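One structure below.
Convention: sequence-line order gives letters A, B, ...; per-chain numbering from 1. The structure presented is a predicted model; accordingly, all values stated were derived computationally and were not measured.
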Protein chains: 2
Amino acid sequence: MEIPPVVIDRLPLYTRALSTLDEEGRDVVSSQELGTLLGVTPAQIRKDLSYFGRFGKQGRGYNVRKLLDELHHILGLDRQWRMAVIGVGKLGRAILGYEGFTPQGFRIVEAFDADPKRIGQLIENLTIRDANDLEKILLKSPVDVGIVAVPAVIAQNVIDTLVKCGVRAILSYAPIPARVPQGVYLKRIEPVLALQSMAYYLKNSPRSTAAASRS
Amino acid sequence: MEIPPVVIDRLPLYTRALSTLDEEGRDVVSSQELGTLLGVTPAQIRKDLSYFGRFGKQGRGYNVRKLLDELHHILGLDRQWRMAVIGVGKLGRAILGYEGFTPQGFRIVEAFDADPKRIGQLIENLTIRDANDLEKILLKSPVDVGIVAVPAVIAQNVIDTLVKCGVRAILSYAPIPARVPQGVYLKRIEPVLALQSMAYYLKNSPRSTAAASRS
DNA sequence: AAGGGTTTGTGCTCACAATTACAATCCTTC
DNA sequence: GAAGGATTGTAATTGTGAGCACAAACCCTT
Ligand SMILES: NC(=O)c1ccc[n+]([C@@H]2O[C@H](COP(=O)([O-])OP(=O)(O)OC[C@H]3O[C@@H](n4cnc5c(N)ncnc54)[C@H](O)[C@@H]3O)[C@@H](O)[C@H]2O)c1
Ligand SMILES: NC(=O)c1ccc[n+]([C@@H]2O[C@H](COP(=O)([O-])OP(=O)(O)OC[C@H]3O[C@@H](n4cnc5c(N)ncnc54)[C@H](O)[C@@H]3O)[C@@H](O)[C@H]2O)c1
């Protein structure tokens with residue numbers, strides 16, 4: 001059975017809310033409550049989960065811990081994923097210093113830059129490697145994910161190199177419509193595009209008037 | 001007529017490709033070429049544009065400069081948008097130093113933090129203001145967009161304050177399902193969710209086997 | 001000025017995702 | 001242990017967006 005990508009995109013949301021509930025000591029949650037928590041309809045949640053099995057109990061809801069474990073297993077979050085950051089500029093350093101990846105099982109194990117002044121520096125317990133050695137190093141020490149934080153003009157080059165090294169998932173911050181071959185997964189982080197689409201709504205909805213809000 | 005949000009989300013992509021073509025000196029482009037450039041079907045592009053008018057010429061294609069101007073006007077990119085950054089930590093500093101906003105008409109005019117050591121510092125030609133003065137300052141110097149780069153636990157608070165100050169567009173980097181009232185537009189940047197959904201595909205597609213790639 | 005080669009704009013169809021609605025199931029209480 | 005209240009899982013329906021296909025329009029060449 002083929003699961004719609006939109007469904008897969010929502011599952012991490014569910015895991016996050018469930019983690020919070022779990023930390024608060026909650027045992028059981030209904031699709032209703034989870035829905036209001038996330039701004040999603042209860043039916044949507046139930047439908048999404050039903051692609052993978054029957055995890056709830058009628059009349060009660062879902063066991064928080066059990067559902068969380070199931071989702072972790074489904075998404076592959078029950079293991080460690082190795083990541084490399086390419087481009088240790090302003091943004092790259094913020095990424096290296098971000099504490100939000102490790103608790104989710106995503107660990108940055110290599111960092112690369114092309115600037116001689118930066119190569120060899122120790123940042124967040126990582127020695128910055130020469131970008132020219134990318135292939136050599138990744139063949140010895142393979143990673144699952146590549147995080148691209150280099151200038152736009154060379155981003156496609158870097159991505160091509162990563163693909164050549166067998167990296168099958170790429171998170172790109174570069175503002176380009178990067179292309180990857182079949183079987184390689186690419187997600188882009190595009191703050192400028194987000195701003196530009198919001199500008200449309202700002203322009204077209206009069207100040208302090210009701211209008212739909214989207215995230 | 002109500003235009004589908006997905007369409008609005010694609011328009012900035014088109015403007016970006018058109019800008020590149022314009023800089024290369026191209027006069028005319030077909031939906032076919034634009035499509036391959038962006039990984040979108042030609043029909044999709046034509047359909048999207050047809051919501052707003054008839055900008056092309058049969059047998060020729062679109063005048064790059066003219067279409068770019070039209071899209072800029074449609075999206076509200078033919079003017080300046082004032083932005084404030086809340087939270088000048090690792091990520092906030094990368095945002096303040098990013099050169100990709102200004103050329104698109106998005107200018108950061110205020111920056112706030114709550115850390116006494118940081119308040120008063122001059123970063124990228126901006127004096128960091130006290131987050132306690134947020135309301136006071138934004139009432140005197142209103143902004144169109146708020147960029148939220150504070151820790152998750154206080155992000156909803158900050159967002160509520162921004163809304164109270166009349167900010168109607170918010171770009172949030174905080175990993176929470178923030179809620180805003182009707183008429184306020186919120187976009188979230190969520191690298192961790194992106195990684196988590198890619199993990200599903202990594203886990204479920206065997207190494208070096210064809211599979212659909214999505215961005 | 002006519003014809004051939006392109007490419008747009010759009011009605012139509014199809015596919016798929018969201019929502020609705022309800023029978024089935026479970027817990028709790030008396 | 002029966003009844004009542006709650007909530008799931010899913011079949012059926014609705015809604016919507018993407019792709020197809022073609023007539024209309026345009027350019028260029030001869
Ligand atoms: N800073 C932000 O908030 C932000 C926001 C959105 C997008 N981005 C994008 O992220 C990317 C990086 O932005 P930044 O602000 O950090 O820029 P930056 O100039 O500070 O950093 C770029 C880094 O890449 C390095 N580099 C250059 N060529 C390289 C190569 N071949 N291999 C490895 N490293 C190389 C440079 O030495 C530099 O350290 C850009 O594409 C930018 O558009 C940044
Ligand atoms: N660094 C990254 O690459 C990254 C990636 C994704 C998401 N995020 C998110 O972005 C946010 C910031 O991340 P960071 O890495 O920069 O963390 P950080 O701790 O370096 O920065 C947070 C900053 O917010 C300031 N702050 C605290 N309370 C404040 C308040 N009430 N008003 C204004 N400022 C306040 C702090 O003083 C600090 O300077 C977090 O929510 C994080 O989850 C960061």
- Item | Residue pair Phe55(B), Tyr62(B): steps toward the ring pair (Phe, Tyr, Trp, His ring centres under 6.0 Å) verdict | CA-CA 7 Å; Phe55(B) 308 119; Tyr62(B) 300 88; 7.7 Å; no
- Message: I need the CG-P distance between Leu34(B) and dT6(C), as an integer number of Å.
- Response: 20 Å
- Given atom NZ of Lys47(A) and atom P of dC16(C), what is their separation to the nearest angstrom? 13 Å
- Item | Shortest non-hydrogen separation from Val88(A) to Arg93(A) and the atoms involved | O-NH1, 3.4 Å
- Query: Has Ser31(B) got a side-chain N or O lying under 4.0 Å from the OP1 or OP2 atom of dT7(C)?
  - Reply: no
- Whole-Å distance, Glu33(B) CD to dT8(C) C1', equals 15 Å
- Whole-Å distance between dT20(C) C1' and Gln44(A) CD? 13 Å
- Message: Can you see if the side chain of Tyr62(B) gets near the phosphate of dG9(C) - specifically, an N or O under 4.0 Å from OP1 or OP2?
- Response: yes
- Nearest-Å distance, CD (Gln58(A)) to C1' (dC22(C))? 12 Å
- Donor-acceptor pair (no angle test) under 3.5 Å: Arg54(B) side chain, dG9(C) base: no
- Length of the CD1-P vector between Ile45(B) and dC20(D), whole Å: 14 Å
- Protein-nucleotide distance (Arg10(B), atom CZ; dA18(D), atom C1'), rounded to Å: 8 Å
- Item | Length of the line joining Asp9(B):CG and dG17(D):P, which is rounded to integer Å | 12 Å
- Task: Answer yes or no: does a side-chain N or O of Arg60(A) lie under 4.0 Å from OP1 or OP2 of dC27(C)?
- Result: no
- Task: Classify the angle between the aromatic ring planes of Trp81(B) and Phe106(B) as parallel (below 30°), tilted (30 to 60°) or perpendicular (above 60°).
- Result: parallel
- Judged by nearest nucleotide, the residue sitting upstream toward the 5' end of DNA chain C, Gly53(B) or Gly59(B), is Gly59(B)
